[in-house]
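Everything below concerns the one structure shown next.
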Amino acid sequence: MPRNGKDWLQMMAARVPGPPMDKLARLLAALVVGLAVLGAGPVVAQSAGTEKPATSIRVGVLAYAGKDEAVNRWQATADYLSERNPGYRFEIEPLFLSELRHAFVQGRLDFVLTQSLQYSELSRLGTIWPLATLVVRGNGGELEQFGAVVFTRQGTGFAALDDLVGTRIAGTSPNALGGWLLGMQALEHAGLDVEHEITPIFTGLPLEAVVDAVLDGRAHAGVVRASFFQRYLEAYPDSRLVPVGEAKREGFPYPSNTPLVPEWPFAATEYAPEGLAARVARQLIAMPAQAPAAEDGRIAGWRTPLDYSIVDRLHDKWLPDPVSLGSLLRHFWHYLVLILAVVLALFAWQARRATRRLGAEKRRLRRAFSGLHTGAVLTDAEGRILLTNHAVEAFAQPELTGQLGGRAFCDAFNLQIEGLSPQCAFGDLVERVETRETQSIDGVIERDNQRLDVNLKISRLEAHGDEGDTQLLVSMLDVTDLRSANALLTYRATHDRLTGVLNREAMEEFLSQAMPGKAPRNEPIHVSCLVWIDLDEFRLLNEIGSRELGDRILSSLASHFSLELPSDAVLARMGVDEFVIWMPLSSRDTCMLVAREVLEIIHAFRLPDEHEHLRLKASVGVTRIDSDDLLASRRLEDAERACQSAQRLGGDRVVQFSGEDTELLEREQQIERYNALRAAIAEDRLDLAAQRIAPVDPARGVIHEMLLRVTDADGRMRFPSEYIEIAEKHHAMGEIDRWVIRQSCRWLSQQAPEAGTVSINLSGHSVQDPEMLDFIRQALGESGVDPARVIFEITETAAILNLDQAERLIGAMRRIGCRFALDDFGGGFLSFEYLRRLNPDIVKIDGRLIDDLSHDPVAAVIVAAIAQVSRVMGAQTVAEWVETDEQYHKVVEVGVDYVQGFLLHRPTPLIRS
């Protein structure tokens, strides 16, 4: 506290806000504040004696957790100040971030209680100065500063902040002090270029979203407030989150590797009554920690305001204020006046100079006019040519070359313009520019048996005073080549490059124009149909043959359609192997007949070369369109759905779209199953069951195949087959596979070595995932499992569709030490050549072949061949679906190494730790 009046005046003068002032101004301001403080006592007494109405004092409080919560928390502080300042009634006005800023700019607040970053912003908008700094209770002590922490997951290898180069870092928002800016400042101190060497990810509130982004792998690291991070670790000690590098600050009880900044300031504005601000500052600082105001505010009290310049520097560094005209005028007005004077002087000098050079400029313009590469003609209002340049002779009649002066414009040029009379009609051209200064017109000029596409720009040159009549400037540009190029670009934008038929966008545009959706009254409604074609197994043709063969098939098929379809049919290519045909009909009942004829056309297609043996099949969907259909373009979706139904029924057939409730119910059920799957993943309702794969030779170890189970909302365990198709369609299998790998490794780490190995299935999506290998390495490292005890299964279908990626993944897993099994072999299209190329450690023979052993001799031969080829390759074999003694003896006879099926063991649920 100041020891005398002089000290008090000096202290108050030092706290006067705003830009620096000279000594006299500072002393006057301090004197005013001091007199207000000295006179406060008598005024209060007088107010008490006369019982005047209390003056309302508005305290704007940032309501970051809701307005009701803000009032409940700080009303006791307002009552505390009201009791100690008779004649004043302090009122809490809870405001959101933008509302508080707006209220401050409008001058509706006397005091402000807000976060440090907004205080820095408000100080740039008006007069405001801190009275006290908030003190919070933290980890057994009292804190008047807070910090943040940059954290990551254990095992990621980030030992210091400068290791985060090239990573994704999550924060709440780009203007969050504790949830982003402090982290950026720490990274810059560590030597990182945060604008170019990291990728920010902003999750929005709450701070838990930042932690989730790091745990989910969407971000390598995150930035949150240090106190929140400590509470999260205490609530979830198994979260495996750690700070990046050294995270200790002397005297600060939470882990932090960023700078520390002051807590919230209680600040006064220029509208606070004179003398009241100083009293409020003393009263807040004197508030005991046991006071009801401190208890309700969940704080330890208030202290002398800290230095908020560090927050100002952070604001200037990461949130620079936009340059405005007002700020420029305030800071650089004297420079602007000087510049304005110089500009006016330059204008005056230039005006005198321009007058002297006007004559020379006219001569230069005439020479430039003659040298233009674009043809130019200057005429009077009647169309007589006054001046031309050399380039215009390329458009004039050949016999008039060099003799254009004084002739009529229409005699010199054989010009034809759409919408004008064939005799050029120069008067019509003049009318085109009566309301505009410049008019652009396209036309054609015939010259020497050539047709030139030209673009004319006609400008009216108004005469000034009595200097002369109005003149017109006509420029001519040969656009013949340009229009040809535009026509080619238009064709390419609307047609498929490979087949030459319409593309999807062009077909949608055609439907919107051909079916306007509103037929004139008393006109018959025309009927047409849409046929959607999807070639069956076309991707397999590309894999077995070549991409060039596939392109030849598509191109030849489009030509085949053009020859076989009626002339009024419209053909478009909608996808890689998808076509759509629109065809008008003479009857409402012939759509199915037309679609079947289209399928017959596909069956009759042959390639005229060594591939003539190829036979194409297709799934065909058809729907009807009426000319009064308001949503004709939507019928494309209906035809596609019908085609998908044909595919689900086995392909090579025709299905007509039906809007019956059964089809809608099927789509709704798919959506419902997907939502149920997402809920099961989010609520951790996935489980594992293990089925033993028993060796024929007891000396070999047992293999446990991990099988997924899903528990529904009612607690019943379901098999995942009904969810797998939906998960693959919506790209959720990668997430499920990661969960299975993590849980399987955790279970195996708890088993004795003699318990055997585990076999984990990988979906086709995981085979394509470039990050899956890193995840497998991380899961094995975290669990400490020997990779030799882990087998990964890939189905035959996933292998053939992603052969190159499957080879790379298999090779990488073998280098780690894991083994690889080819699942369901013999049930698809994979040949022994692909088996040799993949060279698996284990071949699992498709269970459908095992099921047919008892009644199908061909199945027995196939199983024996697979077992023999596998032995030669050094691979072990597993017979699936073994359910009878007869099947067991047969597979043992052909020499399989392992047996799997209900005969030996049914899947048993695992108990998760």
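Since the structure is predicted, the reported quantities are computational estimates derived from the model, not experimental observations.
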Inset, instruction - Please check if the distance between the ring centroids of Trp881 and Phe902 is under 6.0 Å. - result: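 Judged by ring-centre distance (under 6.0 Å), Trp881 and Phe902 do not meet the cut-off.
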Inset, instruction - With sequence neighbours excluded, tell me which residues meet salt bridge (Lys or Arg N to Asp or Glu O under 4.0 Å) with Arg777. - result: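 Listed in chain order: Asp774.
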Inset, instruction - Among Tyr254, Tyr236, Phe146, Phe151, find the residue that satisfies the ring-ring contact (aromatic ring centres under 6.0 Å, His included) test when tested with Phe229. - result: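 Of the listed residues Tyr254, Tyr236, Phe146, Phe151, the ring-ring contact (aromatic ring centres under 6.0 Å, His included) partner of Phe229 is Phe151.
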Provide the closest heavy-atom pair for [X] versus [Y] in the form atom of the first, atom of the second, distance.
| X | Y | value |
| --- | --- | --- |
| Cys818 | Leu780 | SG-CD1, 3.8 Å |
| Ser783 | Cys745 | OG-CB, 3.5 Å |
| Tyr232 | Ser239 | CE2-CB, 3.9 Å |
| Ala690 | Leu910 | CB-CD2, 3.8 Å |
| Ala170 | Thr203 | CB-CG2, 4.4 Å |
| Ala226 | Pro255 | CB-O, 3.3 Å |

Under 3.5 Å, is there a donor-acceptor pair between the side chain of [X] and the main chain of [Y]?
| X | Y | answer |
| --- | --- | --- |
| Asp897 | Thr877 | yes |
| Gln900 | Gln691 | no |
| Arg168 | Gly217 | yes |
| Asp163 | Ala160 | yes |
| Arg789 | Gly756 | yes |
| Gln743 | Trp739 | no |
| Asp534 | Gln644 | no |
| Asn257 | Val150 | yes |
| Ser870 | Ala875 | no |
| Ser766 | Leu762 | no |

Ignoring hydrogens and angles, state whether a donor on the side chain of [X] or [Y] is under 3.5 Å from an acceptor on the partner side chain.
| X | Y | value |
| --- | --- | --- |
| Glu793 | Ser759 | yes |
| Ser619 | Asp536 | yes |
| Gln230 | Glu234 | yes |
| Asp737 | Ser763 | yes |
| His189 | Gln185 | yes |
| Arg746 | Ser749 | no |

Between atom [atom1] of [X] and atom [atom2] of [Y], what is the distance when rounded to the nearest 0.5 Å?
| X | Y | atom1 | atom2 | answer |
| --- | --- | --- | --- | --- |
| Glu880 | Asp851 | CD | CG | 12.0 Å |
| Ile198 | Ile169 | CD1 | CD1 | 4.0 Å |
| Tyr898 | Leu904 | OH | CG | 13.5 Å |
| Leu853 | Arg848 | CG | CZ | 14.0 Å |
| Asn175 | Leu177 | CG | CG | 10.0 Å |
| Phe228 | Leu207 | CZ | CG | 5.0 Å |

Min side-chain heavy-atom separation [X]-[Y] under 4.5 Å:
| X | Y | result |
| --- | --- | --- |
| Val702 | Pro695 | yes |
| Val223 | Thr258 | no |
| Ile791 | Ile760 | no |
| Thr711 | Leu686 | no |
| Leu192 | Leu164 | yes |
| Leu688 | Ser744 | yes |
| Val224 | Val149 | yes |
| Ile842 | Leu822 | no |

Inset, instruction - Begin from the C-alpha positions of Val261 and Gln145 and carry the test side-chain contact (heavy atoms from CB on, under 4.5 Å) through to its verdict. - result: CA-CA 5 Å; Val261 294; Gln145 291 180 302; over 6 Å; no
Inset, instruction - Test Glu735 against Arg738 for side-chain contact (heavy atoms from CB on, under 4.5 Å), laying out the working first. - result: CA-CA 5 Å; Glu735 182 179 357; Arg738 281 172 165 77; 5.8 Å; no
Determine, for [X] against [Y], whether the closest basic-nitrogen to carboxylate-oxygen distance falls under 4.0 angstrom.
| X | Y | answer |
| --- | --- | --- |
| Arg678 | Glu683 | no |
| Arg837 | Asp804 | yes |
| Arg153 | Asp216 | no |

Inset, instruction - Run the numbers on Ile816 and Leu773 for side-chain contact (heavy atoms from CB on, under 4.5 Å), then give the verdict. - result: CA-CA 10 Å; Ile816 295 174; Leu773 183 60; 3.7 Å; yes
Flag yes if more than 12 heavy atoms outside [X] fall under 6.0 Å of its [atom1] atom; otherwise flag no.
| X | atom1 | result |
| --- | --- | --- |
| Glu771 | CD | no |
| Arg249 | CZ | yes |
| Glu195 | CD | no |
| Glu883 | CD | yes |

Inset, instruction - Can you label the angle between the Trp747 ring and the His704 ring as parallel, tilted or perpendicular, going by 30° and 60°? - result: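 Because their plane-to-plane angle is over 60°, the rings of Trp747 and His704 count as perpendicular.
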Legend entry - Qualifying residue, where the test is side chain to side chain contact (heavy atoms under 4.5 Å, CB included) with Phe792 and the options are Ile741, Val758, Ile810: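 Testing each of Ile741, Val758, Ile810 against Phe792, the sole residue satisfying side chain to side chain contact (heavy atoms under 4.5 Å, CB included) is Ile741.
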Inset, instruction - Please step through side-chain hydrogen bond (donor to acceptor under 3.5 Å, both in side chains) for the pair Arg808 and Gln805, ending with a clear verdict. - result: CA-CA 5 Å; Arg808 287 192 292 270; Gln805 181 65 21; 2.8 Å; yes
Inset, instruction - Show the numbers, then the answer: is there a salt bridge (charged side-chain N to carboxylate O under 4.0 Å, His left out) between Lys844 and Glu705? - result: CA-CA 12 Å; Lys844 301 188 71 174; Glu705 181 174 1; 2.9 Å; yes
Inset, instruction - Find out whether the Lys NZ or Arg CZ of Arg814 is both under 6.0 angstrom from the six-membered ring centre of Phe820 and within 45° of the ring's axis. - result: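 Pair Arg814/Phe820 does not count as cation-pi.
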Legend entry - side-chain contact (heavy atoms from CB on, under 4.5 Å) evaluation trace for Leu835 with Val869: CA-CA 9 Å; Leu835 181 65; Val869 171; 4.1 Å; yes
